[in-house]
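As the structure is a prediction and not an experimental result, all values here were calculated from the model.
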Amino acid sequence: MARALPLERVRNIGIIAHIDAGKTTVTEQILHHTGKTYKVGQVDEGTAVMDWMEQERERGITITAAATSCEWSGHRINIIDTPGHVDFTAEVERSLRVLDGGVVVFDALAGVEPQSETVWRQADSYRVPRICFVNKMDRIGADYFRTIQMIRDRLRANPVPLQIPLGAEAAFQGVIDLIDRKAWIFPGDYDAEPVEVPIPSRYEDDVASYREKLVEQVAENDEALMDAYIEGDTITSADVKAALRRATLSTSLVPVLCGNALGNKGIQPMLDAIVDYLPSPLDVPPVKGIEPRTGKESSREVSDSAPFSALAFKIVADPFVGRLVYLRVYSGTVRTGSQVFNSTRERKERLGRLLRMHANRREEVSDVSCGEIIAAVGLKNTFTGDTLCDSTSPIILETIRFPQPVISVAIEPKTKADQDRIGDALTKIGEEDPTFKSRYDDDTGQTIISGMGELHLDVIVGRLIREFKVDSKIGKPQVAYRETITAPVRVEGSFIKQTGGRGQYGHVWLELEPMEQGGGFEFVNRISAGVIPKQFIPAIEQGIKEAMESGVLAGYPIIDVRAIAVDGTYHPVDSSDIAFRMAGAIALREGVRKASPILLEPIMKLEVATPKEFLGDIISDLNARRARVEAVELRVWTHIIRGYLPLAESFGYATDLRSISQGRATYSMEFSHYKEVPKEKASEIVFKMRG
């Protein structure tokens with residue numbers, strides 16, 4: 001299978017940022033300048049190519065990550081434009097898992113915003129090399145160097161400016177390239193090319209100073225350039241670029257550029273930086289996984305000749321072609337119609353069609369090579385996080401971890417026809433969105449849907465009505481509380497039933513221990529000397545997990561518990577998986593009751609931006625909502641309030657904030673952690689849940 005483009009000329013990147021920083025506009029400009037589109041789409045007008053969903057165009061925000069590809073300077077750039085709103089953070093998580101590099105967009109006025117910190121941490125966790133683009137340089141109060149300092153202070157990063165702005169605020173007209181010492185002006189016409197002009201004399205001292213700092217900063221992070229710098233050798237622009245690329249790939253430096261995407265300023269240099277400094281698939285380490293047969297760690301060489309391996313990172317129910325599975329191919333090649341092995345689920349699948357996506361438009365291809373991002377049709381049993389590979393050389397790649405939902409509502413279909421359709425619709429949405437959960441409550445007879453926030457669930461309900469034609473009524477939002485234990489305990493669980501025929505016998509001793517916050521669940525087997533046969537141990541663990549789905553205080557899931565199986569007995573005839581599963585569940589429930597259980601509530605990280613005159617009223621309102629204000633800082637003419645707010649107190653906050661501030665204050669929230677509910681509040685919740 002001949003490769004059309006060498007692998008070193010491929011870039012898989014994501015555009016990531018806080019909401020309203022301008023990610024989608026940046027992507028639209030990239031597509032225009034690379035010849036992919038003839039007209040620049042506008043987010044505010046609902047004409048952006050990458051915001052193709054009806055709700056995205058109505059709301060003016062990105063909801064789902066959209067993939068596309070384009071060509072620049074002989075390189076193929078595969079792009080994923082991600083959402084900025086915290087409710088859709090899973091889209092960023094799964095995109096960063098499969099991308100090689102990232103472009104982080106910042107608002108030059110707002111600087112580093114809360115969701116900027118979140119996406120930066122996500123990129124750090126996957127060690128994704130990135131460059132920064134400081135957007136909206138034409139805004140009043142825009143400050144390029146303050147934003148760079150915020151990147152250094154808040155993100156603990158090592159930013160290196162490659163440009164300085166030519167003009168400020170409304171007079172911003174171009175950039176000065178510090179490496180090549182060239183000034184560029186960008187005419188407002190979308191089709192006009194950048195114009196090189198002499199560096200204005202008033203900038204000459206700044207250019208010399210900032211270029212010297214740039215070379216020093218790069219040399220500090222690259223041995224080859226450091227040797228030349230110390231010995232006083234002539235350092236060319238090519239030397240600096242080569243060293244900067246090495247430092248960027250190692251994530252020790254982050255190149256920073258600036259511009260104004262809406263005004264078509266600074267896009268071409270950013271494209272050059274993507275090609276010059278972000279990695280190709282060959283520049284990232286070979287992907288690692290586990291061999292399912294042996295449990296040993298294995299890796300796949302980034303090569304077309306290596307055995308095929310790919311990770312499914314996104315599922316989409318396309319109304320025209322059916323179920324689409326987005327894949328990142330890490331090694332090998334595959335053709336349309338090929339049989340592949342889903343090693344996660346141990347099932348064989350057949351690739352019906354292979355599609356290169358451009359938002360919601362499709363281009364059919366006959367084969368896919370290593371390093372590609374592609375969509376496949378025909379994979380019926382493949383889900384987000386699954387590994388597809390060659391059946392003769394199986395591997396399970398590291399899956400994608402998603403945050404748990406924090407808010408729930410009851411949903412009730414209006415008609416019998418809606419009732420019949422809602423189950424299938426919720427299943428399809430759940431396949432697409434791992435942070436969306438649905439369940440049927442036997443006690444109330446209601447269907448409960450859970451997500452990451454009010455906007456998330458609002459979008460889901462809109463999809464039910466528009467895409468799946470399911471009309472429904474929505475109840476009030478409910479908080480997804482959790483339960484945990486605060487003391488260690490040793491407890492016995494037994495399930496013994498004797499009847500005329502074969503009985504049931506399961507008996508186990510557990511030690512339960514509280515884990516640190518966010519620890520989840522851990523099962524440890526310390527049963528020795530065959531006290532309980534090995535084949536029954538998984539059943540004990542399964543029983544414990546099932547019992548943890550419903551707590552003893554108010555029926556909420558139990559988290560952050562370590563269960564250690566230490567002893568027990570079995571019967572050679574009557575013992576079974578069912579008996580030990582029941583014994584594990586009984587022990588867990590009994591142990592939690594004795595281990596000083598508490599109720600936990602989700603706490604949201606909050607940032608409010610407000611004019612000074614409303615500061616006192618907003619803080620008073622936050623205090624009444626049980627918020628903890630951490631800091632208040634002045635940014636240009638706006639005051640920024642940072643703190644933490646219980647999710648239970650956040651419902652309706654958008655309306656109240658508008659009322660307090662005459663519509664002039666804005667806020668953003670994201671899930672931070674779980675915390676113990678105050679005792680009085682916990683008693684209310686428990687009383688309500690027990691009826």
Side-chain angles (χ1 to χ4, degrees), residues 15-23 25-26 84 103-117 119-120 130-178 183-186 199-200 202-214 217 253-267 269-270 273 607-612 615 631-642 664-668:
I15 312 291
I16 54 179
H18 184 92
I19 190 170
D20 284 339
K23 299 176 306 302
T25 305
V26 167
V103 178
V104 189
V105 181
F106 295 93
D107 183 322
L109 174 60
V112 176
E113 299 175 272
Q115 187 65 3
S116 307
E117 297 182 51
V119 298
W120 196 274
R130 67 215 83 146
I131 64 173
C132 297
F133 182 74
V134 181
N135 192 25
K136 303 186 180 182
M137 287 294 299
D138 62 329
R139 294 183 68 183
I140 296 173
D143 193 327
Y144 177 59
F145 294 106
R146 188 192 75 238
T147 302
I148 291 174
Q149 189 60 44
M150 291 175 76
I151 293 171
R152 185 173 289 112
D153 295 341
R154 289 196 188 171
L155 304 179
R156 303 290 186 267
N158 195 1
V160 52
L162 306 189
Q163 303 167 339
I164 60 173
L166 196 58
E169 299 180 347
F172 175 73
Q173 55 182 330
V175 299
I176 300 174
D177 185 324
L178 295 175
W184 298 94
I185 287 178
F186 301 92
I199 295 175
R202 67 182 186 276
Y203 285 97
E204 287 178 353
D205 290 345
D206 286 343
V207 169
S209 172
Y210 281 114
R211 191 183 193 280
E212 181 66 22
K213 290 178 183 176
L214 183 155
Q217 202 173 347
L253 285 181
V254 183
V256 185
L257 304 96
C258 64
N260 171 26
L262 193 60
N264 188 34
K265 293 178 170 64
I267 302 300
M270 183 188 64
E607 183 173 294
V608 182
T610 177
K612 181 181 179 181
L615 186 64
V632 179
E633 66 179 57
L634 179 64
R635 187 186 297 165
V636 193
W637 60 80
T638 302
H639 282 77
I640 306 298
I641 304 167
R642 299 178 184 279
R664 294 172 62 191
T666 60
Y667 80 101
S668 60

Beyond-backbone contact of Q217 with N158, side-chain heavy atoms, under 4.5 angstrom:
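Yes; the side chains approach each other to less than 4.5 Å.
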Minimum side-chain heavy-atom gap W184-L166 below 4.5 Å
no
Distance-only, no hydrogens or angles: does the S209 side chain make a donor-acceptor pair with backbone N or O of D206 under 3.5 Å?
no
Distance in Å, [X] [atom1] paired with [Y] [atom2], rounded so as to fall on 0.5 Å steps:
X	Y	atom1	atom2	value
D138	N260	CG	CG	3.5 Å
I641	E633	CD1	CD	11.0 Å
I640	T610	CD1	OG1	9.0 Å
I148	C258	CD1	SG	8.0 Å
D20	T25	CG	OG1	9.5 Å
I15	R130	CD1	CZ	13.5 Å

With side-chain contact (heavy atoms from CB on, under 4.5 Å) as the test, would you mind laying out the steps for K213 and L178 before giving the verdict?
CA-CA 10 Å; K213 290 178 183 176; L178 295 175; over 6 Å; no
Distance-only check: which donor-acceptor pairs under 3.5 Å involve side-chain atoms of residues 167-177, not counting sequence neighbours?
residue	atom	partner	partner atom	Å
E169	OE2	G141	N	2.8
D177	OD1	I179	N	2.9
D177	OD1	D180	N	3.1

Using every non-hydrogen atom in the two residues, find where [X] and [Y] come nearest and quote the distance to one decimal.
X	Y	answer
A108	T147	O-OG1, 3.5 Å
L214	P161	CD1-O, 3.2 Å
D143	R146	OD1-N, 2.9 Å
A261	N135	N-OD1, 2.8 Å
V119	S116	CG2-O, 3.3 Å
I151	C132	CD1-SG, 4.1 Å

Quick one: ring-ring contact (aromatic ring centres under 6.0 Å, His included) partners of Y144, sequence neighbours excluded?
none
R152: salt bridge (Lys or Arg N to Asp or Glu O under 4.0 Å) partners, not counting sequence neighbours
none
Should the pair F106 and W120 be assigned to parallel (<30°), tilted (30 to 60°) or perpendicular (>60°) ring geometry?
tilted
Should N264 and F186 be marked as a side-chain contact (heavy atoms from CB on, under 4.5 Å) after you check the CA-CA gap, both sets of side-chain angles, and the distance that decides it?
CA-CA 7 Å; N264 188 34; F186 301 92; 5.9 Å; no
Does a salt bridge link R139 with D107, judged by any charged N lying under 4.0 Å from a carboxylate O?
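So R139 pairs with D107 through a salt bridge.
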Apply side-chain contact (heavy atoms from CB on, under 4.5 Å) to the pair K136 and L262, showing each step before the final yes or no.
CA-CA 8 Å; K136 303 186 180 182; L262 193 60; over 6 Å; no
